[in-house]
Amino acid sequence: MPLPNLDMDALRTFLATQQLGSLNRAAERIGRSQSAVSQQMRKLEEQVGHPLFRRQGRGLVLTDAGDMILSYAHRILDLNDEAVLAVRGASIEGVVRFGLPGDFAETWLPAALGRFKKTHPVVRVEVAVERNGVLLERLDRGELDLALVMGNENRPDAEPLATLPMTWIGPADADAVVRPGQALDLALYHPPCFFRRAGIEALDGAHISWRLAYTTASLQSLWSGVAAGLGITLRTGAGIPSSLRRLGAQEGLPPLPSVKLCLHGRHQDMSPALAQLKQVVTECATENLLP
């Protein structure tokens with residue numbers, strides 16, 4: 001008896017459902033009705049001969065069979081996408097200049113850029129890792145073609161990708177950091193910095209006294225200062241080193257706002273190389289940052 005050919009679209013829906021824990025949310029993500037998503041999952045379960053999800057509270061979790069299929073689904077789809085992109089990308093040439101903040105430079109974005117380079121071997125990718133404000137300055141001077149930037153969502157060229165909650169960050173062994181009668185030590189970027197402004201406004205609004213104990217223009221230097229106990233800081237949850245951890249109300253700290261992550265650049269009349277890079281960055285942001 002011949003084995004069935006697993007449906008690619010159903011596998012993509014399966015991954016979205018697993019990531020989001022809900023058929024309804026998966027349907028919203030991929031732009032289909034919930035009934036269509038349910039039908040895809042039933043078809044996939046019939047093909048493998050086992051249920052792939054089970055109910056847990058209000059959400060869905062993988063069964064043992066679903067957990068087994070998960071790794072295969074990633075490999076099947078990655079190979080399919082790599083083959084298609086390699087054929088399409090082999091004829092695309094040019095130079096793309098892309099900027100990103102350090103928060104993402106050591107997490108998922110290098111792998112995304114590596115994947116792009118593998119499928120577009122003759123495209124030269126120039127990458128700049130800078131502070132958000134510097135990236136926009138370089139973009140406006142024509143030194144970058146595309147920039148991934150936190151904040152500045154009101155610019156005309158901003159294309160929102162995700163909303164990221166800010167969080168307080170301190171050493172991994174930090175305990176209660178707000179103590180009566182003591183000013184809270186802060187480690188922050190030099191101004192202008194919207195994280196700096198948001199943190200100070202949150203502390204002032206909660207009537208918590210603070211002092212600026214450590215300032216820097218480098219993210220790695222900021223992480224090092226916080227790890228050394230020179231002060232706490234605030235960023236998003238992206239790229240926090242293992243020597244640090246998130247802090248919050250339990251440590252006596254006030255809530256913080258969220259920040260928009262946007263792609264900035266000329267979104268019309270892009271070169272084929274730049275359009276392909278934009279697509280890869282957008283897809284990876286969706287996979288790694290959206291809840």
Please tell me whether [X] and [Y] are part of a single hydrophobic cluster in this structure, the criterion being side-chain heavy atoms less than 4.5 Å apart.
{"X": "Phe116", "Y": "Leu144", "answer": "no"}
{"X": "Leu20", "Y": "Leu62", "answer": "no"}
{"X": "Val134", "Y": "Val127", "answer": "no"}
{"X": "Ile30", "Y": "Leu60", "answer": "yes"}
{"X": "Val96", "Y": "Leu136", "answer": "no"}

Minimum-distance pair of heavy atoms, taken over all atoms of [X] and [Y]:
{"X": "Gly265", "Y": "Leu139", "result": "N-CD2, 3.8 Å"}
{"X": "Pro171", "Y": "Gly229", "result": "CG-CA, 4.3 Å"}
{"X": "Ala10", "Y": "Met41", "result": "O-CE, 3.3 Å"}
{"X": "Pro257", "Y": "Ala198", "result": "CG-CB, 4.1 Å"}
{"X": "Ala65", "Y": "Pro51", "result": "CB-O, 3.8 Å"}
{"X": "Arg58", "Y": "Arg55", "result": "O-NH1, 3.6 Å"}

| field | Pairs where residues 124-138 contributes a residue and the test side-chain hydrogen bond (donor to acceptor under 3.5 Å, both in side chains) is met, not counting sequence neighbours | value |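 Every side-chain hydrogen bond (donor to acceptor under 3.5 Å, both in side chains) pair that includes a residue of residues 124-138, provided the two are not neighbours, is Arg124-Glu126, Arg138-Glu143.
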
Do side-chain atoms of [X] reach the backbone of [Y] as a donor and acceptor pair under 3.5 angstrom?
{"X": "Asn152", "Y": "Arg155", "result": "no"}
{"X": "Asp145", "Y": "Arg97", "result": "yes"}
{"X": "Lys260", "Y": "Val149", "result": "no"}
{"X": "Trp168", "Y": "Pro255", "result": "no"}
{"X": "Thr216", "Y": "Ser221", "result": "no"}
{"X": "Gln47", "Y": "Asn5", "result": "yes"}

Scan the side chains in residues 67-79 for donor-acceptor partners under 3.5 Å anywhere in the protein, sequence neighbours excluded, and list what turns up.
from  : atom 1 : to    : atom 2 : distance (Å)
Ser71 : OG     : Met68 : O      : 3.4

| message | Set out, in order, the CA-CA distance, both residues' side-chain angles and the distance that settles side chain to side chain contact (heavy atoms under 4.5 Å, CB included) for Val123 and Val95, then state yes or no. | response | CA-CA 6 Å; Val123 175; Val95 178; over 6 Å; no

| request: Might you work through the side chain to side chain contact (heavy atoms under 4.5 Å, CB included) test for Leu148 and Leu261, ending with a clear yes or no? | output: CA-CA 7 Å; Leu148 186 68; Leu261 179 68; 3.8 Å; yes

| Side-chain donor-acceptor contact under 3.5 Å, Ser33 with Ser35 | yes

| task | Report yes or no: do Asp204 and Trp210 form a side-chain donor-acceptor pair below 3.5 Å? | result | yes

| task | Could you go through the side chain to side chain contact (heavy atoms under 4.5 Å, CB included) check for Thr13 and Leu11 one step at a time? | result | CA-CA 5 Å; Thr13 302; Leu11 288 177; over 6 Å; no

Taking C-beta and beyond as the side chain, do [X] and [Y] meet within less than 4.5 Å on heavy atoms?
{"X": "Val48", "Y": "Leu6", "value": "yes"}
{"X": "Leu212", "Y": "Arg196", "value": "yes"}
{"X": "Asn80", "Y": "Arg12", "value": "yes"}
{"X": "Thr167", "Y": "Arg235", "value": "no"}
{"X": "Leu113", "Y": "Leu277", "value": "yes"}
{"X": "Arg211", "Y": "Asp185", "value": "yes"}
{"X": "Val61", "Y": "Phe53", "value": "no"}
{"X": "Leu188", "Y": "Leu234", "value": "yes"}

| remark: Contacts of Phe104 meeting ring pair (Phe, Tyr, Trp, His ring centres under 6.0 Å) (sequence neighbours excluded), chain-then-number -> Trp108

| field | CG-NZ distance between Leu161 and Lys278, expressed to the nearest 0.5 angstrom | value |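 Going from the CG atom of Leu161 to the NZ atom of Lys278 covers 8.5 Å.
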
| said: Rounded to the nearest 0.5 Å, what separates atom CG in Leu52 from atom NE2 in His50? | reply: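 One gets 9.5 Å once the value is rounded to the nearest 0.5 Å.
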
| remark: Using a 4.5 Å side-chain heavy-atom cut-off and chaining through intermediate ILVMFWY residues, the residues clustered with Leu230 come out as Tyr214

| When clusters are formed from ILVMFWY side-chain contacts under 4.5 Å, directly or step by step, what else is grouped with Leu222? |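 Besides Leu222, the cluster holds Ile169, Tyr189, Leu219, Trp223, Val226, Ile240, Leu244.
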
| message | Are there over 12 heavy-atom neighbours, none belonging to His190, within less than 6.0 Å of that residue's NE2? | response |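 Yes, NE2 of His190 has more than 12 neighbouring heavy atoms, counting only those of other groups under 6.0 Å.
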
| query | Any chance CD of Gln39 has more than 12 other-residue heavy atoms, nucleotides or ligands included, within less than 6.0 Å? | reply |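 No.
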
| field | side chain to side chain contact (heavy atoms under 4.5 Å, CB included) assessment of His264 paired with Leu146 | value | CA-CA 6 Å; His264 295 262; Leu146 196 66; over 6 Å; no

| task | Please assess Glu251 against Arg245 for the test salt bridge (Lys or Arg N to Asp or Glu O under 4.0 Å), listing each intermediate value before the final yes or no. | result | CA-CA 12 Å; Glu251 290 78 25; Arg245 72 178 180 92; 3.3 Å; yes

| said: Going by the rule side chain to side chain donor-acceptor pair (under 3.5 Å), which residues pair with Thr233 if we only count those two or more places apart in sequence or in a different chain? | reply: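 For Thr233, no residue satisfies side chain to side chain donor-acceptor pair (under 3.5 Å) once neighbours in sequence are set aside.
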
| field | Worked verdict on Asp9 versus Lys43 for salt bridge (Lys or Arg N to Asp or Glu O under 4.0 Å) | value | CA-CA 11 Å; Asp9 286 338; Lys43 178 182 178 181; over 6 Å; no

